[in-house]
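What follows is a short report on a single structure.
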Protein chains: 2
Amino acid sequence: MPAALMDRQTVLDKIFAAFRTYGYEGTTLARLSEATGLGRASLYHHFPGGKEQMVREVLQLAQAALQRDVVGPLEGTGTPHARVRRMIENLKTLYANGEASCVINLMGVGEAGETFRGELSATTEVWLQGLERTLKAAGIRAAAARKLAIDTVVRIEGSLVVSRAIGDPSVFIRALGESERELEQALGAG
Amino acid sequence: MPAALMDRQTVLDKIFAAFRTYGYEGTTLARLSEATGLGRASLYHHFPGGKEQMVREVLQLAQAALQRDVVGPLEGTGTPHARVRRMIENLKTLYANGEASCVINLMGVGEAGETFRGELSATTEVWLQGLERTLKAAGIRAAAARKLAIDTVVRIEGSLVVSRAIGDPSVFIRALGESERELEQALGAG
DNA sequence: GTCTATAAGCAGATAGAC
DNA sequence: GTCTATCTGCTTATAGAC
């Protein structure tokens with residue numbers, strides 16, 4: 001039953017890509033229409049709340065992806081080496097080897113940042129607290145776990161910004177390598 | 001001679017603040033007019049190239065500020081402790097204790113990022129190579145100096161993103177503390 | 001050097017046909 | 001569920017008076 005030419009999830013993925021490439025103000029309905037292949041009016045049929053609703057759903061998607069693809073592998077089974085490895089590989093994919101930006105960064109800019117304050121904070125905390133939880137479960141003390149979680153996210157966000165600024169995604173790749181070593185060691189020693 | 005109600009430098013400072021708060025697309029001429037107190041037409045008198053010219057001048061300003069307030073203190077006289085201390089204090093001021101964003105991050109978003117690719121890369125390299133130069137002058141090997149320079153900028157950019165995302169500027173302040181220790185130790189041992 | 005007025009186009013959003 | 005057509009307001013940018 002090809003009732004819908006495109007699954008809602010597929011449409012939302014394309015919308016996600018647009019917002020994290022062009023930012024909130026830079027993502028016009030014309031661009032969203034081109035990206036999804038849907039007319040502007042059709043977009044309003046699926047998202048009556050317009051861009052604002054789209055971003056809220058995008059941030060929900062980001063939250064789910066962080067839990068599933070980043071925190072999940074770390075909480076899974078296997079040696080610390082294998083679990084950290086899976087997380088790092090998924091981060092590489094999520095951020096297109098350092099060529100993509102993070103929606104947490106882009107949606108935090110300007111008035112959008114105020115509009116989506118709660119969602120942005122919640123999405124980031126899923127990531128931070130997910131890392132923190134796993135580290136504590138491995139025997140690391142609370143303060144050290146929170147610090148390592150923040151350091152990890154800070155390094156990823158920062159390396160994406162610097163990669164983009166100097167046009168060199170290897171900054172992101174190297175940063176992932178450092179977080180990999182750091183987390184593996186922490187989990188191994190925990 | 002109060003020929004100009006406001007010095008060009010003062011006007012540009014307010015334009016700078018607007019762009020790094022709202023991003024390129026979010027900074028409308030209406031906002032720039034409000035921020036500077038100049039009518040839209042007056043802005044075009046001073047910047048015939050419009051927003052694009054303004055951003056180019058803003059990035060020049062950022063480049064000068066990074067050299068003067070960040071790299072400069074490190075290259076100055078005094079103990080490693082004192083020089084690093086001055087740099088860190090200036091970074092705190094430049095980023096309003098973690099409440100402000102970095103223009104290198106915001107101007108890299110979307111189409112603006114392509115328009116200003118060269119200027120963004122040049123501005124970031126002033127920072128990176130300035131740190132690198134000082135570290136090498138202190139006896140640190142080239143590869144380690146470049147790595148530490150990148151780590152420093154990555155940590156600052158990342159901590160600003162995370163601070164904004166969770167609404168907690170202390171992430172930025174703590175990150176500065178870590179860079180302070182790291183750089184002081186590197187310069188002391190160099 | 002600043003202003004008012006205005007142009008031309010694009011933004012987000014809606015109505016209603018099919 | 002998608003479309004065409006349309007509306008209103010805001011966008012960048014310019015012309016020309018003072």
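Excluded from the calculations below are hydrogen atoms, water molecules and symmetry mates; all remaining heavy atoms, backbone and side chain alike, are included. Here is the naming used below: chain letters follow the sequence lines, and residue numbers restart at 1 for every chain.
Rounded to whole angstrom, the span from the CZ atom of A/Arg8 across to the P atom of D/dT2 amounts to 12 Å. The distance from atom CD of A/Glu25 to atom P of C/dG12 is 9 Å, rounded to the nearest whole Å. D/dT12 atom P lies 18 Å from atom NE2 of B/His46, rounded to whole Å. The distance between atom CZ of A/Arg31 and atom C1' of C/dC10, rounded to the nearest whole Å, is 13 Å. Distance CD (A/Glu34) to P (C/dG12): 14 Å, rounded to an integer number of Å. Distance CG (B/Asp7) to C1' (C/dG1): 15 Å, rounded to an integer number of Å. Look at CG on B/Leu32: it is 17 Å from P on D/dC10, rounded to the nearest Å.
Contact annotation: B/Ser42 reaches the phosphate of C/dC3 (side-chain N/O to OP1 or OP2, under 4.0 Å). In terms of phosphate contacts, A/His45 brings no side-chain nitrogen or oxygen within less than 4.0 Å of OP1 or OP2 of D/dT2.
Checked against side-chain hydrogen bond (donor to acceptor under 3.5 Å, both in side chains), A/Ser170 has the following partners two or more places apart in sequence or in another chain: A/Asp168, A/Arg174.
Salt-bridge annotation for B/Glu132 and B/Lys147: absent, with no side-chain N of the basic residue lying under 4.0 Å from a carboxylate O of the acidic one. Salt bridge absent: A/Glu34 and A/Arg40 never bring a charged side-chain N and a carboxylate O closer than 4.0 Å.
Between B/Phe19 and B/Tyr24, the ring-plane angle classifies as parallel under the 30° and 60° cut-offs.
For the atom pair A/Asn105 CG and A/Thr124 OG1, the distance stands at 10.0 Å (nearest 0.5 Å).
Both B/Leu38 and A/Thr27 lie close to DNA chain C; mapped to their nearest nucleotides by heavy-atom distance, the more 5′-ward contact belongs to B/Leu38.
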Listed pairs, N/O of protein and of nucleotides 13-17 of chain D, under 3.5 Å:
| unit_1 | atom_1 | unit_2 | atom_2 | d |
| --- | --- | --- | --- | --- |
| D/dA13 | OP2 | B/Tyr44 | OH | 2.7 |
| D/dA13 | O5' | B/Tyr44 | OH | 3.2 |

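Note that A/Arg56 lies outside the cation-pi zone of A/Phe116, set by a 6.0 Å cut-off to the ring centre and a 45° limit from the axis.
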